[in-house]
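Here's the structure we're looking at; comments come further down.
Quick note: numbers below take in every heavy atom, side chains included, and nothing from hydrogens, waters or symmetry partners.
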Amino acid sequence: MTESTASSTAPTVESPLRTLIVGAQMLFVAFGSLVLVPLLTGLDPNVALFTAGIGTLVFHAVTRNSVPVFLASSFAFIAPIQGSVASFGVSATLGGLLAAGVVYVVISQIVRLKGTVWLHYLLPPVVVGPVIMVIGLALAPVAVDMATGGTSDAIGYGRAMVLSMASLLVTLVLAVFGRGLIRLIPILGGIVTGYVLAALMGVVDYTPVREAAWLAMPEFVAPSFHWAAVLFMIPVAIAPAVEHIGDMIAIGSVTRRNYLDKPGLHRTLLGDGLATCTASLFGGPPNTTYSEVTGAVTLTRAFNPRIMIVTAVIAVLLSFLGKLGAVLQTIPGPVMGGIMTLLFGSIAVVGMNTLVRAGKPLTAPRNLVVVSLILVFGIGGMQLGGGQFTLQGVGLAALVGILLNAILPRAEEE
């Protein structure tokens with residue numbers, strides 16, 4: 001990088017007021033997706049706000065405040081957390097997420113010592129692509145059940161479909177036709193639309209809001225360790241860890257800096273891992289780099305990492321507003337279900353795109369075997385073992401893919 005380039009991208013001196021305003025705007029951009037993960041997985045949204053803020057501060061401490069990113073939970077964790085909470089409970093799931101954070105930390109240290117070549121060899125697109133597809137499709141029936149009112153006792157099928165499809169439609173319109181900052185908040189727009197419509201229908205229960213205090217401590221939950229939950233969750237860290245490299249390249253292309261070299265991929269991965277571990281200790285979803293914020297940085301040219309520090313502090317402060325968390329918890333299930341139908345499908349498309357960009361023939365015997373077994377084992381409900389050592393879902397699918405990729409002979413062109 002030349003001196004002129006470096007100087008052109010150096011953080012400029014900004015007024016405290018502008019830093020505060022832009023920092024608050026960044027949280028607004030991330031807010032819809034930030035609270036979506038806890039609302040869909042049974043975790044506390046106030047805790048998620050707190051841990052996103054604390055996790056971001058941890059990340060910036062590790063990376064020496066050099067990357068303009070705000071951390072929150074990857075959508076890749078939604079389906080696995082839902083499955084784990086249903087099978088093992090919230091506390092054991094948090095223990096599994098803590099283990100996933102440790103995996104991040106281990107990967108970061110191997111990258112520090114060995115570079116990234118081994119990572120691409122162990123996790124090529126033929127493994128990562130279908131694993132991401134499994135993450136998106138494994139619990140697709142849950143999204144449909146929520147969208148059609150199956151999880152809501154007080155909302156029948158007709159009203160549920162109106163709410164879910166209205167939320168979905170607004171999300172689609174904003175994502176496809178929106179411009180500027182509007183295009184960055186399609187999920188938030190869909191949630192607000194569905195909530196207002198539900199309020200007009202009279203199906204929103206405001207009792208939790210009336211009973212909640214204005215100021216209250218977030219309901220922190222400590223993790224516990226259950227071998228099955230740990231084995232279930234650890235492989236889930238694979239997809240976000242690989243996606244993290246793409247996130248760092250993307251934000252680097254915007255700011256014209258090479259973050260893979262400085263502060264270094266090992267430091268950014270370590271920041272993600274420690275942020276995820278910290279979040280799980282308090283009862284929040286895992287923290288990873290966040291695509292919506294990358295888009296907002298591109299649009300606003302807010303390259304100063306200090307802005308994200310402000311965003312993190314605001315998130316922590318908002319987490320103590322008890323009324324805010326209560327309002328979020330009154331969002332009807334069909335509203336979230338409508339958005340989930342798009343969300344889970346889009347995750348699957350990301351996996352498909354990973355395979356397409358790799359350019360490998362999927363009908364070649366080796367690739368056909370790897371992709372087919374990952375998809376069927378992950379989506380079909382295959383499980384190995386029993387009791388505390390059950391391995392199933394995306395965890396089993398990822399393990400099968402890694403083993404097959406390591407064992408099966410590679411084609412000559414590879």
Side-chain angles (χ1 to χ4, degrees), residues 26 30 34 37-38 43 47-77 80-81 91 93-116 119 218 220-225 229-230 233-248 251-252 259-291 293-294 305-316 319:
M26 288 296 173
L34 169 60
V37 175
L43 302 179
V47 175
L49 275 169
F50 179 84
T51 55
I54 295 298
T56 299
L57 295 177
V58 169
F59 177 88
H60 282 281
V62 172
T63 59
R64 298 170 183 173
N65 197 26
S66 58
V67 188
V69 296
F70 177 80
L71 271 63
S73 184
S74 168
F75 289 153
F77 282 100
I81 292 176
S91 182
T93 297
L94 293 171
L97 292 173
L98 179 59
V102 173
V103 170
Y104 262 96
V105 173
V106 171
I107 291 175
S108 73
Q109 296 312 297
I110 300 177
V111 167
R112 181 176 66 86
L113 296 173
K114 301 292 185 180
T116 60
L119 190 60
F220 298 123
V221 179
S224 61
F225 295 96
V230 170
M233 198 60 68
I234 280 179
V236 181
I238 292 173
V242 173
E243 290 174 347
H244 174 84
I245 300 175
D247 288 336
M248 288 299 98
I251 193 67
Y259 296 118
L260 301 185
D261 288 340
K262 185 180 181 180
L265 180 61
H266 64 286
R267 283 190 176 274
T268 60
L269 278 170
L270 178 62
D272 265 21
L274 293 179
T276 293
C277 291
T278 302
S280 63
L281 290 175
F282 287 97
N287 288 323
T288 59
T289 47
Y290 215 50
S291 299
V293 173
T294 301
R306 293 193 192 92
I307 291 172
M308 302 306 173
I309 301 293
V310 173
T311 306
V313 172
I314 294 174
V316 171
S319 70

For [X] and [Y], work out which heavy atoms get closest and say how close.
X: Asn287; Y: Ala279; answer: ND2-CB, 3.6 Å
X: Pro305; Y: Asn65; answer: CB-OD1, 3.3 Å
X: Phe70; Y: Thr56; answer: CD1-OG1, 3.5 Å

Can you list everything that forms a side chain to side chain contact (heavy atoms under 4.5 Å, CB included) with [X]? Sequence neighbours excluded, please.
X: Lys114; answer: Ile110, Trp118
X: Ser66; answer: Thr63, Pro263
X: Val221; answer: Val90, Leu94
X: Ser319; answer: Leu49, Phe50, Pro218

Step-by-step side-chain contact (heavy atoms from CB on, under 4.5 Å) determination, Thr289 to Asp272: CA-CA 7 Å; Thr289 47; Asp272 265 21; 3.9 Å; yes
Quick one: does [X]'s side chain get under 4.5 Å of [Y]'s, heavy atoms only?
X: Val37; Y: Phe77; answer: no
X: Thr268; Y: Leu265; answer: yes
X: His60; Y: Met308; answer: yes
X: Val47; Y: Pro38; answer: no

side-chain contact (heavy atoms from CB on, under 4.5 Å) between Arg267 and Lys262, worked out: CA-CA 9 Å; Arg267 283 190 176 274; Lys262 185 180 181 180; over 6 Å; no
Test applied, side chain to side chain contact (heavy atoms under 4.5 Å, CB included); reference residue, Val62; option that passes from Leu57, Leu274, Leu269: Leu274
Spatial distance of atom CZ (Phe220) from atom OG1 (Thr51) [nearest 0.5 Å]: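 With rounding to 0.5 Å, CZ (Phe220) is 8.5 Å from OG1 (Thr51).
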Distance in Å, Phe225 CZ paired with Ser91 OG, rounded so as to fall on 0.5 Å steps: 9.0 Å
Flag for His244-Thr288: side-chain donor and acceptor within less than 3.5 Å: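 No donor-acceptor contact under 3.5 Å links the two side chains.
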Between side-chain atoms of residues 96-108 and protein atoms elsewhere (two or more places apart, or another chain), which donor-acceptor pairs fall under 3.5 Å?
unit_1 : atom_1 : unit_2 : atom_2 : d
Tyr104 : OH     : Ala241 : N      : 3.3
Ser108 : OG     : Val105 : O      : 2.5

Contacts of Thr93 that satisfy side-chain hydrogen bond (donor to acceptor under 3.5 Å, both in side chains) - sequence neighbours left out: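 Expected list: Ser84.
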